[in-house]
Number of protein chains: 2
Amino acid sequence: MDDRTAAERFSALAHPTRLRLFRRLMQTGPDGLAAGVLAEALQVAPNNLSAHLNTLSQAGLIEARREGRSRIYAVRIGATAATVGFLVDECCQGHPEVCGVVARRAEPAGV
Amino acid sequence: MDDRTAAERFSALAHPTRLRLFRRLMQTGPDGLAAGVLAEALQVAPNNLSAHLNTLSQAGLIEARREGRSRIYAVRIGATAATVGFLVDECCQGHPEVCGVVARRAEPAGV
DNA sequence: ATTTCAATTCAACGAGTGTTGAAGTGAATT
DNA sequence: AATTCACTTCAACACTCGTTGAATTGAAAT
């Protein structure tokens with residue numbers, strides 16, 4: 001992953017509404033949730049939510065699929081793992097014992 | 001951690017220069033680096049770098065100390081771990097085996 | 001005390017972001 | 001085929017962010 005991709009992803013997460021949104025999808029897992037369900041659950045106007053979902057999609061953190069008349073959004077787990085991995089990569093000059101809890105998050109991630 | 005704190009931290013990371021900066025400090029570890037060294041290493045103007053360091057400090061991701069006439073910046077590891085933990089918390093409805101690589105990053109983090 | 005070095009602060013400008021309300025698509029129902 | 005439902009797209013506005021150059025602070029050396 002390059003700096004720009006990672007920065008774009010963090011930028012997508014750098015918003016209270018989108019963060020709530022992403023965490024909700026993260027907790028839900030691959031099954032995902034319909035846009036309408038999310039709008040209701042998070043109390044966000046549909047058009048506003050749509051814009052935020054778009055931002056997260058474009059950043060590659062979530063993806064959409066159609067099911068009937070609903071649009072279902074779900075987290076892209078591999079991309080999420082890669083982003084986190086990028087952030088804490090090679091922490092503490094290869095002496096991860098220094099990093100404490102971060103070290104256990106620092107395994108290189110595929111995707 | 002609350003949404004706002006986390007969003008502020010991701011916002012701080014949501015910039016190519018700051019991301020390079022943070023990763024460099026992450027790789028350096030608790031010893032940290034002087035502002036001047038960072039400016040030279042990353043080829044960023046001192047005043048510009050200073051602004052970015054300030055943003056990261058304010059977000060709680062790094063901290064500064066003085067050493068002689070230099071100012072040394074170092075990563076705040078606990079806060080970093082907490083932020084990552086917040087993002088992937090409770091992933092996949094408590095079925096972390098679904099999450100693959102993320103699951104190994106999802107331990108709750110102190111600080 | 002004065003000079004030099006390291007780094008920060010300030011003001012100002014251009015560029016980008018988020019929200020809002022209205023209009024538009026695309027799929028299912030009647 | 002007309003309507004309804006779910007959601008998205010569009011345009012416009014206010015607002016925030018990042019960079020730049022100049023001035024300032026704070027610490028050490030002469």
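Model, not experiment: these values are computed from the prediction. Letters A, B, ... are given to chains in the order of the sequence lines, protein chains preceding strands, and every chain is numbered from 1.
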Please, which pairs that meet ring pair (Phe, Tyr, Trp, His ring centres under 6.0 Å) have at least one residue in [range], sequence neighbours excluded?
range	value
residues 67-92 of chain A	none
residues 8-40 of chain B	A:Phe10-B:Phe10, B:His15-B:His52
residues 26-46 of chain B	none

**Prompt:** Of all residues at least two apart in sequence or in a different chain, which pass the salt bridge (charged side-chain N to carboxylate O under 4.0 Å, His left out) check with A:Arg66?
**Reply:**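 Applying salt bridge (charged side-chain N to carboxylate O under 4.0 Å, His left out) to A:Arg66 gives none.
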List the residues meeting side-chain hydrogen bond (donor to acceptor under 3.5 Å, both in side chains) with [X], not counting sequence neighbours, and say none if there are none.
X	value
A:Thr5	A:Asp2
A:Arg4	none
B:Ser57	none
A:Gln43	none

**Request:** Using only side-chain N and O atoms of B:Tyr73, determine if any of them is under 4.0 Å from OP1 or OP2 of C:dT8.
**Result:**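 Indeed, a polar side-chain atom of B:Tyr73 lies that close.
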Interatomic distance where [atom1] belongs to [X] and [atom2] belongs to [N] [whole Å]:
X	N	atom1	atom2	answer
B:Leu53	C:dT9	CG	C1'	14 Å
A:Leu33	D:dC7	CG	C1'	15 Å
B:Ile62	C:dA7	CD1	P	13 Å
B:Leu49	C:dT9	CG	P	13 Å
B:Glu40	C:dC5	CD	P	16 Å

Sub-3.5 Å pairs of nitrogen or oxygen atoms, protein against nucleotides 15-19 of chain C:
| unit_1 | atom_1 | unit_2 | atom_2 | d |
| --- | --- | --- | --- | --- |
| C:dG18 | OP1 | A:Arg18 | NH2 | 3.2 |
| C:dT19 | OP2 | A:Asn48 | OD1 | 3.2 |
| C:dT19 | OP2 | A:His52 | NE2 | 2.7 |

**Request:** Could you check if a side-chain atom of A:Leu38 sits within less than 4.5 angstrom of a side-chain atom of A:Leu21, using non-hydrogen atoms only?
**Result:**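 Yes, close enough: below the 4.5 Å cut-off.
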**Item:** Identified side chain to side chain donor-acceptor pair (under 3.5 Å) partner of A:Thr83 from the options A:Arg76, A:Glu8, A:Arg9
**Value:**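 The residue from A:Arg76, A:Glu8, A:Arg9 that satisfies side chain to side chain donor-acceptor pair (under 3.5 Å) with A:Thr83 turns out to be A:Arg9.
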**Request:** Report the end-to-end axis angle of the helix from C:dA1-D:dT30 to C:dT30-D:dA1; each axis comes from five terminal pairs, and the value is rounded to 10°.
**Result:**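 For the helix from C:dA1-D:dT30 to C:dT30-D:dA1, the axes at opposite ends meet at about 20°.
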**Request:** Classify every nucleotide of nucleotides 22-30 of chain D by which part a protein heavy atom approaches to under 4.0 Å, writing B for the base, S for the sugar-phosphate alone and - for neither, in 5'-to-3' order.
**Result:** B----SB--
**Message:** Enumerate the salt bridge (charged side-chain N to carboxylate O under 4.0 Å, His left out) contacts for residues 32-46 of chain B, please, sequence neighbours excluded, ordered by first and then second residue.
**Reply:**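 Qualifying pairs: none.
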**Request:** Find which nucleotide of DNA chain C each of B:Gly36 and A:Ala45 is nearest to by heavy atoms, and output the residue with the more 5' nucleotide.
**Result:**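 The 5'-side residue here is B:Gly36.
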